[in-house]
Amino acid sequence: MGVDSGLPDFRGPEGFWRAYPPYRRLGLRFEEIADPEHFDDDPELAWGFYGHRLALYRRTAPHAGYAVLRRWADRWPARVFTSNVDGAFQAAGFADGDVTECHGAIGMLQCTGPCHEGTWPADDVDVAIDEDTMRARPPLPACPRCGRVARPNILMFGDGTWVPGHHAAKEAAHRDWLRGIDARRLVVVELGAGTAVPTVRRHAELASAASGALIRINVREPEIRHGRGTALASGARATLEAIDATLG
């Protein structure tokens, strides 16, 4: 979904290294740099990556496909379930309470300990980055309680210290919403969810099990098991606009 807004695609090492050449020189893949241990072992390296991403996401405007989804949400009851951490749905006008971010959000911080289960906004965080080395320059964001280095409130690879925080409450609200609707009338529109980390794909398949109305929009991996839905091997923005044009 974010690629059509100009954000880099991290799938596969080549895609990641095209976006961040310094990591090619270091031989680091996305799965390795997106590891919470770096915040303890080498916080300047960790914040070099996440500080750059935070600034990138802040200046990236949601593409027109998000506006299509907003119009649909105004027309029919709807919620968002996303593994994206960029906050783009909220930036596009969705109420925060209607967006379940199952892998967390880069716009929130937590303690690396963690010394407590709370999270706080990263609104005032501006990390200086040496883009030749992709290392952050001190001072780094810190926990207001214990003073340890803070980290984005994102579920990373091999992450045993992620704080669900307010995301747990939003997931509970999402489950309640699903239980309260007629599942036989539910249409699920899935956008770009891959198989490497299949959280969203599995959720979409389960949510649409009663209706069979799953629309999977995915350039690389559009296949749907047992033919329970419609597979579209195309990009998010163009496909959403094309569907919207048929709805009138």
Side-chain angles (χ1 to χ4, degrees), residues 1-5 7 9-12 62-105 154-157 162 164 167-244 246-247:
M1 186 64 171
V3 170
D4 284 341
S5 294
L7 295 177
D9 185 349
F10 292 156
R11 289 185 188 157
H63 60 75
Y66 287 92
V68 170
L69 295 176
R70 277 290 302 120
R71 289 196 294 274
W72 294 354
D74 289 338
R75 188 169 177 180
W76 301 288
R79 288 185 64 91
V80 174
F81 183 91
T82 182
S83 60
N84 288 359
V85 300
D86 53 20
F89 285 100
Q90 292 92 328
F94 283 87
D96 184 64
D98 291 337
V99 181
T100 300
E101 295 155 307
C102 62
H103 291 170
I154 294 173
L155 181 62
M156 302 178 194
F157 291 92
W162 182 57
H167 302 294
K170 292 208 289 184
E171 287 213 37
H174 185 77
R175 290 192 298 270
D176 288 344
W177 183 82
L178 286 172
R179 284 193 289 266
I181 64 172
D182 183 353
R184 296 168 299 179
R185 300 183 63 196
L186 179 66
V187 177
V188 177
V189 180
E190 179 194 293
L191 297 147
T195 58
V197 182
T199 311
V200 170
R201 285 175 82 99
R202 289 175 180 168
H203 179 77
E205 290 167 358
L206 287 171
S208 62
S211 66
L214 169 61
I215 302 171
R216 174 164 286 158
I217 301 168
N218 194 306
V219 174
R220 294 188 185 91
E221 300 169 313
E223 299 80 11
I224 297 178
R225 294 185 298 175
H226 313 302
R228 296 280 293 168
T230 300
L232 301 174
S234 52
R237 175 180 176 172
T239 309
L240 289 171
E241 290 180 323
I243 294 173
D244 192 48
T246 70
L247 295 176

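Keep in mind that what you see is a predicted model, and the values were worked out from it rather than measured.
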Handout entry: Contacts of E223 that satisfy side chain to side chain donor-acceptor pair (under 3.5 Å) - sequence neighbours left out
Key = none
Practice task
Check whether any side-chain heavy atom of R185 lies under 4.5 Å from a side-chain heavy atom of W76, and answer yes or no.
Solution key: no
Practice task
Enumerate the residue pairs fulfilling salt bridge (Lys or Arg N to Asp or Glu O under 4.0 Å) with a member in residues 202-214, sequence neighbours excluded, ordered by first and then second residue.
Solution key: E205-R216, E205-R225
Exercise for the section: Could you pull out the closest heavy-atom pair between S208 and V188, with the gap in Å? Expected result: CB-CG2, 3.8 Å
Exercise for the section: Would you mind listing every ring pair (Phe, Tyr, Trp, His ring centres under 6.0 Å) that reaches into residues 214-242, with sequence neighbours excluded? Expected result: none
Exercise for the section: Using the test side chain to side chain donor-acceptor pair (under 3.5 Å), find all partners of R70 that sit at least two apart in sequence or belong to another chain. Expected result: D74
Practice task
Taking all non-hydrogen atoms of both residues into account, name the closest pair between V200 and C102 and its distance.
Solution key: CG2-SG, 4.5 Å
Exercise for the section: Identify the heavy atoms of P222 and A231 that sit nearest to each other, and give their distance. Expected result: O-CB, 2.9 Å
Practice task
Sequence neighbours left out, what pairs pass salt bridge (Lys or Arg N to Asp or Glu O under 4.0 Å) with at least one residue falling in residues 77-86?
Solution key: R79-D98
Exercise for the section: Output all residues satisfying side chain to side chain contact (heavy atoms under 4.5 Å, CB included) with V197, sequence neighbours left out; order by chain, then residue number. Expected result: H103, F157, T199
Problem - salt bridge (Lys or Arg N to Asp or Glu O under 4.0 Å) against R220, all qualifying residues, sequence neighbours excluded - result: D9
Exercise for the section: State the OG1-CD distance between T230 and E190, to the nearest 0.5 angstrom. Expected result: 12.0 Å
Problem - Straight-line distance of H203 NE2 to H174 NE2, nearest 0.5 Å - result: 3.0 Å
Problem - Residues which pass side chain to side chain contact (heavy atoms under 4.5 Å, CB included) with R75, listed by chain and number, not counting sequence neighbours - result: L247
Exercise for the section: Any chance you could measure M1, atom CE, to T82, atom OG1, to the nearest 0.5 Å? Expected result: 8.5 Å
Exercise for the section: Give a yes or no on whether the backbone of A209 and the side-chain of R228 come within a donor-acceptor separation of less than 3.5 Å. Expected result: yes
Handout entry: Expected output: side-chain H63 to main-chain V3 donor-acceptor under 3.5 Å
Key = no
Donor-acceptor pairs are to be reported for all side-chain atoms of residues 236-244 against protein atoms at under 3.5 Å, with residues two or more places apart or in another chain.
residue : atom : partner : partner atom : Å
T239    : OG1  : S234    : OG           : 2.6
T239    : OG1  : G235    : O            : 2.5
D244    : OD1  : W72     : NE1          : 2.9
D244    : OD2  : R71     : NH2          : 2.7

Practice task
Could you tell me which non-hydrogen atom of Q90 sits nearest to which non-hydrogen atom of E101, and how far apart they are?
Solution key: NE2-OE2, 3.2 Å
Practice task
Quick one: do L191 and L69 satisfy side-chain contact (heavy atoms from CB on, under 4.5 Å)? Show the steps, please.
Solution key: CA-CA 11 Å; L191 297 147; L69 295 176; 4.0 Å; yes
Exercise for the section: Write out all pairs satisfying ring pair (Phe, Tyr, Trp, His ring centres under 6.0 Å) with one or both partners inside residues 182-202, taking only residues at least two apart or from two chains. Expected result: none
Fill in the blank from the handout: Residue pairs passing the ring pair (Phe, Tyr, Trp, His ring centres under 6.0 Å) test with at least one member in residues 83-102, sequence neighbours excluded, are Y66-F89, F89-F94
Fill in the blank from the handout: Sequence neighbours excluded, the answer for side chain to side chain contact (heavy atoms under 4.5 Å, CB included) partners of I181 is W177, L178, L186
Handout entry: Heavy-atom pair of closest approach, residues K170 and T100
Key = O-OG1, 3.4 Å
